[in-house]
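Since the structure is predicted, the reported quantities are computational estimates derived from the model, not experimental observations. Chain identifiers are assigned alphabetically (A, B, ...) following the order of the sequence lines, protein sequences preceding nucleic acid strands; residue numbering begins at 1 within each chain.
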Amino acid sequence: MNEEQLLQEIESDPQKFAGVYEAFYKNIFGYAFRRTTNYDAAKDIAAETFLKAYAGIGKFQWRNISILHWLYRIATNEINKYFNRRKYLPESIHRIQEEYGVAITDYANAETERIMLEEELQRHRDFIKINELMKKLDTKYQEVLALRFYERKSIEEIAAILGKKTGTVKSLLSRGIERLKQDHGRIRP
Amino acid sequence: MKDDDMEAMLDGINPPTPEQIRHQEELKIPLLRYKPSSKAGLLLLILPLIVALTSLLKRELGLSSPLLKSIGGLIAAVDGNPVLTFLIPVVVLGLPLMAMIMNLLAFSHFTYVRERKELLITLKYRPVNIGIVLFSFALLLFFFMPDVLSF
């Protein structure tokens, strides 16, 4: 089944959204985790992304942008909110918690999973170093660099995710690499 | 360091890939059950709104059309039927009341502070929910007006 058909099915039966969730949750959680390196934040961002997608799937129109790219776009916005605010407050999760009294991102084995992922993270020392440098850059550079080098997306895919022209993406990538290089040079002995 | 070196370094980076996560299944259930109460509130108001509009257009403004006639006839028939007559108060009172309560709860939060023996009521600013509560209330008031439902 292609994505266009899947969207039509979701329109008639919203429960079919479970297919989108199952197919792409790991991509989105992984992206949020690689950007934030924080288990709880990544879990909140992934949940918020899927809640927003679920609520807005009716408005999503298939125009050669894949559902995954659309999810990446929502997640990127949420990650930007996380970095720009002192305290990240996922609106949809918060609303559900208030309306239904359920903390949807509370997970019984969260502690075990958190420790496991933190240990996994420690095995990627080069990534941690680069990521720390990257977090100091402007958001516009962080977005393209993370999508290119963490998520291995092509220029065209990044352009589709961020809703930018390919030329703009190329220029942001090149300037982002340049700034990263300067910052890297500064911290090297 | 040249730009190419940095690019090569970034190309060679090995980011973590959290494959073994298990919380995904637990999150799925509440996520797919979630339905905003404002939407449910709006659906509950469709039938009473049709009844109110029919009454308003037919009785108050004196308009007449085959559609209004058939809706008015249907309501009168249901009301006249001894078995189905209970449906009218359910539609004109029960549904708006339910929409009102659902949306009232969506923007009000009650907390009982045992130590101080206080009940704290917090009202959040949620225009859609507040709008539905006010509209439901207006519908209820309308249906309490005399002769509104005599088609």
Problem set entry | Exercise: identify the closest heavy-atom pair between A:Ile177 and B:Met6 | CG2-CG, 3.7 Å

Exercise. Do A:Ile130 and B:Leu10 touch side chain to side chain, with heavy atoms closer than 4.5 Å?
Worked result: yes

Problem set entry | Check: A:Arg34 side chain, B:Pro15 main-chain N or O, donor-acceptor pair, under 3.5 Å | no

Problem set entry | Interatomic spacing from CG in B:Asp11 to CZ in A:Phe149 - rounded to 0.5 Å | 5.0 Å

Exercise. Considering heavy atoms only, which positions within residues 115-124 of chain A lie below 4.5 Å of chain B?
Worked result: A:Met116, A:Leu117, A:Glu120, A:Leu121, A:His124

Exercise. Chain B contacts: which residues in residues 24-33 of chain A have a non-hydrogen atom closer than 4.5 Å to it?
Worked result: A:Tyr25, A:Lys26, A:Phe29, A:Gly30, A:Phe33

Problem set entry | side chain to side chain contact (heavy atoms under 4.5 Å, CB included) partners of B:Leu57, counting only residues at least two apart | B:Leu61, B:Leu63, B:Leu68

For this session: Would you confirm whether A:Tyr21, through its side chain, and B:Gln24, through its main-chain N or O, come within 3.5 Å as a donor-acceptor pair?
Result: yes

Problem set entry | Spatial distance of atom CZ (A:Arg125) from atom CG (B:Asn14) [nearest 0.5 Å] | 13.5 Å

Exercise. Crowded around A:Lys135 NZ? As in, over 12 foreign heavy atoms under 6.0 Å?
Worked result: yes

Problem set entry | Residue list, side chain to side chain contact (heavy atoms under 4.5 Å, CB included) with B:Leu87, at least two apart or on another chain | B:Val78, B:Leu84

Exercise. Crowded around A:Asp126 CG? As in, over 12 foreign heavy atoms under 6.0 Å?
Worked result: no

Exercise. Atom CG of A:Leu145 and atom CD of B:Glu7: how far apart are they, to the nearest 0.5 Å?
Worked result: 9.5 Å

Exercise. Would you find more than 12 non-hydrogen atoms of other residues, nucleotides or ligands less than 6.0 Å from A:Arg152 atom CZ?
Worked result: yes

Exercise. Is there side-chain contact between A:His184 and B:Met9, with heavy atoms separated by less than 4.5 Å?
Worked result: yes

